[in-house]
Amino acid sequence: MERREVESFFERASSVRALVIGDLMLDEYLWGKTDRISPEAPVQVVEVNREDLRLGGAGNVVNNLVALGCKVSVCSVVGDDDNANLLRGAFEEKGVDLEGLFHDPERKTSKKTRVIAANQQIVRIDRETRAHICDDCQQKVLGYLYARLGDFDVVVVSDYLKGVLTPAVLEALCQAGRTLGIPVVVDPKGNDYGKYRGATLLTPNRKEAEIASGIAIADVAALQQAADKLLSELALDALLITRSEAGMSLFPSAGAAVHIPTVAREVYDVTGAGDTVIAVLSLGLACGLSMADAAWVANVAAGIAVGKLGTSTVSPQEIVVEVGHGLKDSDSKIKNLDVLTHIIAQERARGKKVVFTNGCFDLLHVGHVKYLQKARELGDLLVVGLNTDASVKRLKGETRPLIEESERAHILAALDCIDYVVLFDEDTPLTLIEALVPTVLAKGADYKIEDVVGREVVEAGGGRAPPAASSTRSSTPTEVVAPKPLPAGPISASYPSIPGGTMKKAFITGITGQDGSYLAELLLDKGYQVHGMIRRSSSFNTGRINHIYRDPHEAETRLLLHYGDLNDASSINRLLREVRPDEIYNLGAQSHVRVSYDVPEYTGEVDALGAVRILEGIRETGLNTRFYQASSSELYGKVLETPQRETTPFYPRSPYACAKAYAFYITKNYRESYGMFACNGILFNHESPRRGETFVTRKITRAAARIRLGLQERLYLGNLEAKRDWGFAGDYVEGMWRMLQCDQPDDFVIATGETHSVREFAELVFSRHDLELAWQGAGVDEKGVERRSGKVLIEIDPRYFRPAEVDLLLGDSGKARRELGWRPETSFRELVAMMADADLKIAQKELRANG
Ligand code: NAP
Ligand code: GDD
């Protein structure tokens with residue numbers, strides 16, 4: 001389907017009347033903390049600090065249909081209790097028609113209460129009646145259906161086996177649906193599908209289809225077999241089998257199956273995705289889409305739903321954006337403001353810098369094109385607000401425009417440098433700017449900065465004051481002035497000047513490591529003189545910085561290396577006295593968590609006491625030096641809150657994390673005790689092609705490349721389920737620097753806000769080498785097998801398990817984003833690709849060297 005078709009499909013949604021019939025529920029969540037065992041019985045005591053009530057079961061399908069813009073009616077039976085009142089209230093708020101909602105004082109309204117502490121569900125308490133509804137209620141339901149069914153365009157049946165959907169109700173519904181030509185779409189449950197006979201469409205998942213058909217579904221042939229059986233036994237028009245990461249397959253009763261691969265980019269939460277699928281699918285059928293098209297849009301919606309944490313609905317705008325994703329034909333670049341607002345919000349959330357400019361662009365000439373190209377260079381994407389014909393007339397007189405708005409829009413959209421065009425009818429683009437909140441405003445040099453409309457909006461959104469406009473005033477916009485998007489935040493105006501010169505001096509411990517090398521590059525780029533502490537080693541360990549190292553005898557060398565060791569206070573003090581740095585970045589560490597169990601005392605010496613040696617050195621030498629401590633997300637360990645932020649309590653789980661906890665607190669203590677400018681950067685995992693080869697990401701990218709070229713047979717890993725918030729090290733060193741440029745010292749989380757498992761990382765990397773993995777077995781016997789050849793490529797080696805594991809890390813870097821203007825620039829997929837490709841080059845070299 002084309003994006004335009006999807007857009008017009010959703011435009012029809014508001015006229016669709018949908019009936020949802022089935023089991024309604026309330027989902028209650030009680031969130032709290034637990035740190036003691038009850039004296040009454042050996043159970044945990046949970047102190048509840050947050051409660052949340054959501055519509056569940058068929059209620060969540062209602063939620064989804066309402067979010068898609070349809071008019072929704074509900075038919076169900078609930079109790080006559082407080083929970084029923086809560087349900088009613090929630091539906092009424094959404095404008096749902098409740099004429100078909102009946103009450104039975106003998107029934108309990110279903111409520112599931114989940115108690116969650118420290119990210120674990122501790123207990124679920126169900127209050128419900130699971131028997132069929134009484135005869136009297138059944139009559140009411142049937143009466144309602146006979147009276148009202150003809151009013152609807154589609155019926156969605158959401159069965160949770162709680163008793164509303166009796167065989168009699170289902171039979172009447174399916175028969176009446178056929179007679180009236182109204183599609184009846186069923187989300188089935190249980191083993192007996194006979195009761196759904198005659199429905200239009202059933203949407204079981206693979207497992208459910210397997211149970212209902214009695215056919216083990218191991219491959220596509222078995223899938224087809226199971227579908228054929230269910231289609232003929234149940235006299236359906238079609239069957240849609242959802243297959244998790246394998247997408248979904250539509251089996252029409254006549255015609256070939258349509259297999260739709262998943263479009264999920266990141267999977268966070270699959271809860272409720274089935275409700276999104278059935279809602280979109282039903283809406284599609286109600287709007288007259290073909291089954292295949294409706295399934296296709298539902299699949300796009302499912303991809304969005306699983307990428308969200310905690311929300312179970314998807315909006316039409318999100319679907320349209322997703323469909324248009326990647327399409328950059330000139331048509332798809334022209335957006336209305338609603339859709340564009342969503343696109344831009346997503347792009348900004350992904351850290352993209354959005355440049356906005358506007359104009360009439362009547363008779364486009366080379367000056368315009370150059371101007372637009374320059375504007376595009378100010379960020380990652382360029383949005384052009386284009387005056388409509390009416391507004392051009394008002395601004396330039398009756399004879400203008402010479403070219404009408406749709407042609408002007410298409411000409412602009414054909415330019416590579418333009419990503420989106422949006423028309424506006426007002427005299428100024430203020431409404432557009434307020435809706436889009438771009439990062440950069442671009443205007444021609446003939447504008448005075450104070451006259452740039454929307455400047456305040458952009459500045460409030462994180463942009464910065466623009467530099468003075470060029471003095472060359474010209475009607476041709478050949479020059480661009482713009483608020484610089486980054487760095488936003490409190491850059492110090494009173495940065496201490498360096499005695500004897502203006503060049504700032506930075507001192508880095510751990511300069512030969514991954515982060516040290518990126519930080520050194522960044523600071524050299526910024527004009528710093530960089531001093532690095534290196535350890536004496538019997539072989540060279542400067543591989544990561546060789547490319548920036550110059551012979552110190554050369555003039556103007558700005559990278560200088562000194563021998564020293566974090567275990568040797570005298571070397572630290574000597575270097576501080578000699579170098580007198582303005583900024584110290586303490587990155588040196590025994591940084592491997594697993595290894596810290598083998599050398600716990602040494603890890604403490606370097607990682608914990610190393611930090612206090614530097615802090616004491618600064619204090620004793622009386623330097624006015626700013627200090628950065630490389631703290632770590634490992635401090636959160638057995639996490640007490642997700643996502644983790646600066647206020648989340650620590651729960652270190654390894655000698656490494658315990659040592660880093662000491663360094664964290666001693667840094668804070670020196671700040672508070674002596675007024676030192678000392679900051680902790682609580683960095684979540686960050687990786688790169690320079691990552692040490694025994695950290696899991698690099699271990700995987702290296703092995704996958706070598707396996708692809710036949711240099712290695714197999715990769716041995718530990719815990720595949722561990723989840724990490726992985727970012728790109730090159731982005732993270734910018735955060736370190738920004739912390740030391742603030743007016744006040746503070747601690748900041750640096751993270752992407754996405755989490756992925758080791759398994760997922762491995763799958764993506766191997767798939768980049770065209771090696772699709774299938775997993776077989778479980779526990780230590782689990783194996784990653786290449787689908788095509790059946791070769792075992794990954795095995796589990798318990799040696800890589802940790803005595804105490806950190807299961808899940810997911811950071812909230814909101815504070816750094818707000819106060820430092822920092823954000824990650826590299827996506828997870830870009831990181832995977834970067835590392836996989838770099839290791840392939842290394843493996844190719846190795847292959848050539850081996851002859
Ligand atoms: P890395 O690649 O392992 O580098 C560690 C650096 O520390 C190396 O330059 C190493 O020197 C040096 N070092 C080790 N022992 C030392 C000692 N006794 N004295 C002086 N230097 C010593 O680590 P990274 O990934 O760049 O991480 C940098 C810092 O950030 C570390 O403190 C790490 O714990 C922390 N951190 C990292 C991450 C991450 O995901 N990368 C996340 C949070 C925090 P040699 O080259 O001589 O071994
Ligand atoms: N290293 C390694 N090797 N880890 C494996 C393996 C394996 O074969 N198999 C599974 N894992 C799992 C580990 O159990 C862990 O849960 C996860 O992969 C990540 O391990 P590492 O890449 O070694 O990193 P880390 O998260 O333990 O520590 C890194 O990040 C911290 C920030 O959270 C290090 O860079 C630390 O210095 C840093 O502080």
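Counting from 1, the numbers follow the sequence of the chain as shown. Ligands are counted one by one from 1 in listed order, and the atoms in each one are counted from 1 as well.
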Arg535 N/O to ligand 1 N/O under 3.5 Å: yes
Quick one: does Ile534's side chain get under 4.5 Å of Tyr563's, heavy atoms only? yes
Compare Lys660, His592, His686, Gln514 and give the one whose heavy atom is closest to atom 37 (C) of ligand 1. His686
Hey, what's the ring geometry for Trp822 with Tyr732, parallel, tilted or perpendicular (30° and 60° as the breaks)? perpendicular
With His592 as reference, evaluate Phe695, Tyr656, Tyr800 under the ring-ring contact (aromatic ring centres under 6.0 Å, His included) test and give the passing residue. Phe695
So, is Gly513 polar-close to ligand 1, with some N/O to N/O distance under 3.5 Å? yes
List every atom of ligand 1 that sits less than 4.0 Å from any heavy atom of Ser591, numbering the atoms from 1 in the order shown and giving each element. 1 (P), 3 (O), 23 (O), 33 (C), 34 (O)
Enumerate the atoms of ligand 1 whose separation from the nearest heavy atom of Val606 is less than 4.0 angstrom. 15 (N), 16 (C), 17 (C), 18 (N)
Establish, yes or no, whether a centroid distance under 6.0 Å links the rings of Phe627 and Tyr670. no
Any N/O pair Asp565/ligand 1 closer than 3.5 Å: yes
For Gln741 and Trp737, indicate whether the former's side chain and the latter's backbone hold a donor-acceptor pair under 3.5 Å. yes
Which of these, Thr694, Asn541, Ile508, has its nearest heavy atom closest to atom 47 (O) of ligand 1? Asn541
Would one find an N or O of Tyr656, backbone or side chain, under 3.5 Å from an N or O of ligand 1? yes
Could you verify whether a donor N or O on one side chain and an acceptor N or O on the other, from Glu687 and Thr697, lie under 3.5 Å apart? yes
Which class fits the ring pair Tyr585 and Tyr628: parallel under 30°, tilted 30 to 60°, perpendicular over 60°? tilted
Pick whichever of Ala589, Gly543, Ala630, Ser571 has a heavy atom sitting closest to atom 14 (C) of ligand 1. Ala589
Determine whether the side chain, the backbone, both or neither of Tyr602 has a heavy atom under 4.0 Å from any heavy atom of ligand 1. side chain
Where's the contact between Glu634 and ligand 1, heavy-atom distance under 4.0 Å: side chain, backbone, both or neither? neither
Per-atom filter on ligand 1: closer than 4.0 angstrom to a heavy atom of Leu683 are 42 (C), 43 (C)
Please list, chain by chain and in numerical order, all residues satisfying side chain to side chain contact (heavy atoms under 4.5 Å, CB included) with Val606, sequence neighbours excluded. Leu566, Asn567, Tyr602
Examine distances only and state if a side-chain atom of Arg613 and a backbone atom of Asp568 form a donor-acceptor pair shorter than 3.5 Å. no
Within the structure, does Thr512 bring an N/O atom to less than 3.5 angstrom of an N/O atom in ligand 1? yes
Check whether the side chains of Gln644 and Thr642 place a donor and an acceptor atom closer than 3.5 Å, and report yes or no. yes
Ser632 N/O under 3.5 Å from ligand 1 N/O: no
Check: Thr755 and Leu809 side chains under 4.5 Å, non-hydrogen atoms: no
When the ring planes of Trp726 and Phe761 are compared, do they come out parallel, tilted or perpendicular, using 30° and 60° as the limits? tilted
Pairing residues for Arg788 by the salt bridge (Lys or Arg N to Asp or Glu O under 4.0 Å) criterion, not counting sequence neighbours: Asp770, Glu786
Is there a nitrogen or oxygen of Leu566 sitting under 3.5 Å from a nitrogen or oxygen of ligand 1? yes
Any Ser631 heavy atom less than 4.0 Å to ligand 1: yes
Can you tell whether the side chains of Glu763 and Arg759 come within less than 4.0 Å, N to carboxylate O? no
Please identify which atoms of ligand 1 are closer than 4.0 Å to at least one heavy atom of Asn685. 40 (O)
Ordered by chain then number, the protein residues lying under 4.0 Å from ligand 2 by heavy atom are Ser591, His592, Val593, Ser632, Ser633, Glu634, Tyr656, Asn685, Arg691, Thr694, Phe695, Val696, Lys699, Tyr716, Leu717, Gly718, Asn719, Ala722, Arg724, Val758, Tyr800, Arg802, Glu805, Leu809
Identify the closest protein heavy atom to atom 41 (N) of ligand 1: which residue and atom is it, and at what distance? Arg691 NH1, 3.1 Å
List for me each residue that meets side chain to side chain donor-acceptor pair (under 3.5 Å) alongside Thr826, sequence neighbours excluded, and say none if there are none. Asp731
